[in-house]
Amino acid sequence: MTAGLIAGVQTAPPPPQRRGKRPAWLYAAIALAALLVVSAVRTLAGATDLTSGGTVQAALTAAVPLAMAALAGMWSERAGVTNIGLEGMMVLGTFGAGYAGYQWGPWAGVVFGLLLGVIGGVLHAVATVTFGVDHIISGVAINLLAPGAALFLSKLYFTRAPGGGQKQSPPLSDVTRITIPGLSDGLGTVEAKHWFFVSDVAGLLRGLVTQVSLLTVLAVLLVAGSAWVLWRTPFGLRLRSCGEAPIAAESLGVNVYKYKYLAVIASGAFSGLGGAFLAISSGQFRDGQTGGRGFIGLAAMIFGNWRPGGLATGATLFGYTDALALRGSAAVHALLLLLGIALLVVAVMQYRRGARVLASVAAVLGALFALWYFLSDQVPTELVGAAPYVVTLLVLGLAAQRLRVPKAVGEPYRRGQGK
Amino acid sequence: MSRINPRAVLLGLAAPVGALLFAAAFCAVVLAVTGHSAGDAVDAMVAASQRPRTFVNSINSAVQYYLAAVAVAIGFRMKLFNIGVDGQYRLAAMLSAALAGASFMEGLPSVLRVAMTIAAAMLVGAAWSGFAALLKVTRGVSEVISTIMLNSIATFLVSYLLNPDRLALENPGSNNVSTPPIGVGGQVPGIPVAGSSSDLFGLLFLAAAVGVVYWFVLSRTRFGFELKATGLSESAAVASGVSVKRMVVWSMLLSGAVAGLVGMPQLLGSSYSYSLDFPTGIGFIGIAVALLGRNNPVGMALAALLWGFLNNTSNSLDISNIPREIIGIMQGIIVLSVVIAYELVRRYRVRAEQRDVGRALGRTKAATAEEVSA
Amino acid sequence: MATEPAGGEPAPAVELFGITKRFPGVVANSDVNITVRAGTVHALVGENGAGKSTLMKILYGMQQPDEGHITVDGRPTAFHSPADAIRAGIGMVHQHFMLADNLTVLENVVLGDEPGGLRLDARAARRRIAEISDAYGLGIEPDRLVDELGVGARQRVEILKVLYRGARTLILDEPTAVLVPQEVDELFGNLRELKSEGLTILFISHKLDEVLSVADDITVMRRGTTVASVSPRDVTSRQLAELMVGSSLPVPELRESTVTDVPVLTVTGLSVDGDDGRRVLDDISFTIHAGEVLGIAGVEGNGQAELVEALMGIRQPSGGRIELSGADITHTSTRHRREAGVGYIPEDRHRQGVLLDASLWENRVLGHQTRRPSSSGALIDIRGAKADTERIVRDYDVRTPGIGVHASALSGGNQQKLIVGREMSGDPVLLIASHPTRGVDVGAQAAIWEHIRRARAEHLAVLLISADLDELIGMSDALSVILRGRFVADHDPATVTPEQLGSAMTGAEQEEAR
Amino acid sequence: GGSDSGSQPGGASTGSGAGSIKVGMAYDIGGRGDQSFNDSAARGLDKAKAEFGIDVKELEATAGETDAQKEDRLRQLAEGGYNTIIAVGYVYAQPLAKVAPDFPDIKFALVDSEDAKANNIENITFAEEQGSFLVGVAAALKSTTNKVGFVGGVNTPLIQKFEVGFTAGVKAAKPDAEVQVKYLTEPPDFTGFSDPAKGETAANGMFDAGVDIVYAAAGGSGSGVFKAAKAKGKLGIGVDSDQYNQPALADVKDIILTSMVKNVDTAVYDFTKAAKDGKFTAGTKLYDLKAGGVGYATSGGKIDDIKAQLDSYQQKITSGEIKVSSTK
Ligand SMILES: Nc1ncnc2c1ncn2[C@@H]1O[C@H](COP(=O)(O)OP(=O)(O)OP(=O)(O)O)[C@@H](O)[C@H]1O
Ligand SMILES: Nc1ncnc2c1ncn2[C@@H]1O[C@H](COP(=O)(O)OP(=O)(O)OP(=O)(O)O)[C@@H](O)[C@H]1O
Ligand SMILES: [Mg+2]
Ligand SMILES: [Mg+2]
């Protein structure tokens, strides 16, 4: 049962036939349709921030640590080890970045964050792979230990450092941010016209070419690189086989322990990186800085069906709602309408699939959100921040369909004990 | 079981004691390496343990941790991870505080007021965890993810409601926001302890009762059996006529209801209102305590006391110039090493049991060496 | 190519000397010596738990022997992992499929021995697989997901995996257990082909006639050691069996008929849809009377599992009606059916039959948690449950030091006896027995058959599903054959032969009739 | 710490015999080095220590703790012989109310709250709204877009005082100016005081919407606000201490227009001095503009040109001509 625990969908039937790869143009079409709807809502509600370059930029920045956490989760779970210790490993990463970053520059911070994450990964691997401890339990333990250790160390090292404190590092300098000069400004001009669709696309693009941190670039490369390594190399195949059928892998001479170790250590490294990115992009290590991003990353991974493209989408979605919520409540108000429309779309899709009950629930919720939009001027400030979490629950509850959990995830494995 | 097996008892103790010693040794090394005196730390903790106030505070903390641990353990028994105890108790405490402080409650008899407050908290807790249960059984959404989300949503909901325009009190000049204070009639009197300015929570007895009921239900009733069976093997449980969905719903609801109780000792025994500084994070402590106590009613009580004591020694450590953050490290190490120790002990026990079976059946060669093949 | 030492006989493909392997509480192999001639099919037979699989895992490097050593082609070797064995030209097809469902055939085949350097060269892999598949007529499509394949195809993928690694010695651990006779013939055809190419095959099976038909040499194991090495020309299957158990064989048979005219289970027009919406059971109707055993023959995966689940209330039927002693139970819960007197021996005891990490007496309560003597009211009656467990242990000869030990400490056969004892208690009116003697040794088998016979005499109705055709024919009062979710033929167990059943099970009979 | 006096945090210096006071300090969450409120208090303590050579002991609160634990902290100080105890933060109100009566000879100070009253408690409160009013005036006068922003760390009544004062100041100077308001988190999630990333995103949202000056009343998250301002060429306003001179903010000091200073250090120093000199007085001591408890910083010289106007507003407030409300 542990296997299904972390799985988004457990009791839902396995995905029907169509398991073949869906063509790229389909995804492109879906993205285009979504953009059209968003820009319609933007025009209707006058919430320019919905698609502004600034929002995209903020969403990207917010998405990067989440994507790293999700990637970390994917590496580990693809090899069969559930990792809810991501949060703790990220905390270690933030500390590592703070410690090295203020002394030797941001890139040293990145490396140190990664290394400290690795330590967390090693702990988790020792507990789960070598000692066969329940993966969730080990993860919980790491989530307890890591913040304690980070706090202890930060008091030790930062209290007397200039600009530091017991719970925060001295300021860290940022890595280079790149802007494509002519393009960025040109797009900005178009964006400012508020033309239907055109300005929205311009905003989107502007966000992608303005003030892009090298860390963001690195993150994108890591996501793509993970996809390549896991799906195109012998190493990746072996690693995935450990999450699907470790005993079969063992019987073909694959050293399952080794791959599980490597995967969990990689998971630690990615979490650490996520933490480091967070610390560096906010210019400081601070106690409690991760704020549950490890968990959200996990949700993004499930949302993304344990695949790099999917989890990047999930992370971006969270980053987007988070950015909107922080940037201003006018856009969040428009988000209500967007959510309403999305739910109605889900309702139609579920209805066509034959899921009547689900369709009606989605329809009712969709109508309620739309109604809320039309009957109010703004979302109460106290509730704005809840948007990413509500959206996650709605997505998992109403839309998630074909999730395919790595088959042996969460199961204890011992060499030579296969039946 | 009819006979008490000395080996079983010894093995049962070996894991937690070993883990504790290891954690203590580890922390001593950490302290020494970072230029602190481990001896001072021990002195400070010993001194703290002799102070009546620390004693009372430790027990009071333990009472809340215990309730949270029981809430977590109910789910754990069937491998259901209710990470949402934290959100459940905060929302429950907030809403029941609003109810208890409401003016119409003033006229009611004291027992009824307290009972209503507690019942409301349980209902709210159950309702909030019920969301996760519903999502799980109807949509297969992992309760780990949904309860994490619900924790965050609870935070926003509480701050939305804890507002003078809604459930909180208009209290100009104060920098705190709180629900209307609960009058004396709605409070639960504490138990005074000599030498301590604070009283033991009266709801200590509620926690004890919850522990007894937990023990009884799990080990003596059909529900408890089915819960355990589902945890051990969902497929076997289904084949035996257990409706796993119903078990999920019931255990989540019960877990949430107990989670609702977590804030009650503090609310009715000390704070008398829900305010910005109402203690948070007890749900997560509950997870650690449940792990440490192996879901066992007595084990969790001991673990809760340990946690309560550790968390109440930070002031003493601070006074002795020992960084109290060492407590966090210690707790993390304890949990990590205890789960590893339990696993090692379990493996040893399985092997020993199989050896017994083999011996009983005369299949073991007389003098086979103690081969340990793991 | 097996290397030829200077002059004379080719070196044996594999030799095992004095292999001993101990597990806690069990000596799986003790001082085993076997010589396997190159280019032959060498069969290994023995009771369940005799240590065959363990020995083969040692040869394949999955387990390390405590004592003894191995030579391959005359050279001493030490295998620390399957990788070493693969390098020495040894490949193994395991007793249970070792395939990752969510990976493609290609990925499953190349795993651990991938072509290409840093990057997996899928094109080269596809070419190799096609070559091997064509050379041995395996008919394998590399880009299918294993999930979508049937058992026969999976078996062939397993063999291809081994061939792909260039193995010269193949270990096949019970490869025929899940195959129908026709598929077995195909497999044997493949094996002979391989042999003619100079490959050596180590073959494990419980089906002695198969062994006699395909093997060149036979080694018999009992209680972890080799007790005989014989040539198939010199023994009959009866003699072989007696070598295995060291005594004469029990035979499944029902003596006089006890069938009454009281219907216990009446199923009419039952249909069930699978998880993916396909119809897996279509319009099934039958009746079982008190004192009657209805046997269901069929290749695994033709709807038996779904039928059992529908009868137990674990799966919702999409149409039809199920009546138990006249009462409609089509939509009642599993618990209600159990309370109404349905006993259930599941096909996979570890998944559905026992709680491995719970004590024997708790396992006694399982499935009976609402009934005496396990419980009274909402409470569990611990004393009653323990007393009744003692009774089962006594009556069903469950070998255990006590009822407090965990079920995981018992051997499979003893677990099965406990399950049978449990399901027989509380006077059931209907027993659904799915492979009741699978993986159980002959002694325990006989005991289980005897219990079923006795209960039948006391008017128990039994639905028996088994892959063992002898058991089916011997134990049933009536026989139905299930194929693709439909009942396609009824046979009289008194006259039918396993061959006839086999052809009905694979649909060959229908085609002939057409 | 801000003053970098080389003091040993948590360390007790050897009292050089001056007076007979030993000072115990109980910080709010964050403690010494939070670059904000607590640090300000620490500075006052450091100054007193340097001047009077007194014995001090510093303890701090943990996230999620109970009142009982806070009470224990105060009692441990009291029992440890610290006869002058400063509780930093309104969270100590209830605990102090229980402790103070048991130690009539000990002098307590409670910062930011009047919720606990006794004849051995001095309640130190600040007119944050007045200081915020002045920086609001500065923001309005300096804004070229007529849009200014307020980023609050956590949505608590205390931070709302800053917001209300700021808005009033802006409107007073430019009635048609717009004030955008954003709180980073909602209690009990107090990470809004320590999440610069959130501060940056929120500030960027405001700058993109045309705001050109943002007042960051967000503790440690303020650095994110300044970072955003720097990247966009806009301005920020600091809080609690003169953030222009904070080493942690050296990189972004050139965009800090001014800071609303809340002189917790002065208050702590005054209290300590009074206790030492035997001049302790119980009851509320309001540190407002008049008393020099709040004000604005001029470091960096960016508001030199409007200094006269600011002074006149300050004059009006101290004279009572302008009343700044502290609630919405
Ligand atoms: N990993 C293990 N740990 C402990 N005991 C084991 C292990 N593997 C096998 N055994 C025991 O060793 C003995 C031999 O088992 P093995 O699997 O070799 O039997 P087998 O002859 O293949 O039986 P079957 O015909 O049922 O496949 C059995 O008693 C088995 O339970
Ligand atoms: N994978 C395993 N790991 C640990 N112990 C095992 C394993 N497999 C079997 N055993 C142990 O080996 C012993 C024999 O089990 P097994 O079921 O293989 O016996 P068996 O000889 O086949 O008996 P039977 O004929 O009754 O099935 C039991 O004590 C069992 O617990
Ligand atoms: Mg067996
Ligand atoms: Mg075998």
Relative to chain B, which of C:Glu309, C:Arg337, C:Met312, C:Glu362 shows the most heavy atom pairs under 4.5 Å?
C:Glu362

Where on B:Ser243 is there a heavy atom nearer than 4.5 Å to chain C: the side chain, the backbone, both, or neither?
neither

Flag the one option from C:Asp381, C:Ile403, C:Ile382, C:Val365 with the top tally of heavy-atom pairs under 4.5 Å to chain B.
C:Val365

Please test B:Glu343 against B:Arg347 for salt bridge (charged side-chain N to carboxylate O under 4.0 Å, His left out), starting from the C-alpha separation and ending with a verdict.
CA-CA 6 Å; B:Glu343 182 59 28; B:Arg347 274 188 211 170; 3.6 Å; yes

More than 12 non-hydrogen atoms from neighbouring residues, nucleotides or ligands closer than 6.0 Å to CG on C:Asp397, yes or no?
yes

Would B:Glu143 and B:Lys79 count as a salt bridge (charged side-chain N to carboxylate O under 4.0 Å, His left out) here? Give the steps.
CA-CA 11 Å; B:Glu143 76 285 358; B:Lys79 300 240 170 83; over 6 Å; no

Proximity breakdown for C:Glu339 and chain B, heavy-atom pairs closer than 4.5 Å:
neither

Nearest heavy-atom neighbours spanning B:Ala15 and B:Val338
O-CG2, 4.2 Å

Sort C:Arg351 into side chain, backbone, both or neither according to what part of it lies under 4.5 angstrom from a heavy atom of chain B.
both

Can you name the closest pair of heavy atoms from C:Pro436 and C:Ile345 and give their distance?
CA-CG2, 4.2 Å

C:Ala378, part contacting chain B, at a heavy-atom distance under 4.5 Å
backbone

Positive for side chain to side chain donor-acceptor pair (under 3.5 Å) with C:Tyr344, one of C:Gln352, C:Arg422, C:Glu423
C:Gln352

Whatever's closer than 4.5 Å to a heavy atom in chain B on C:Leu366 counts as both

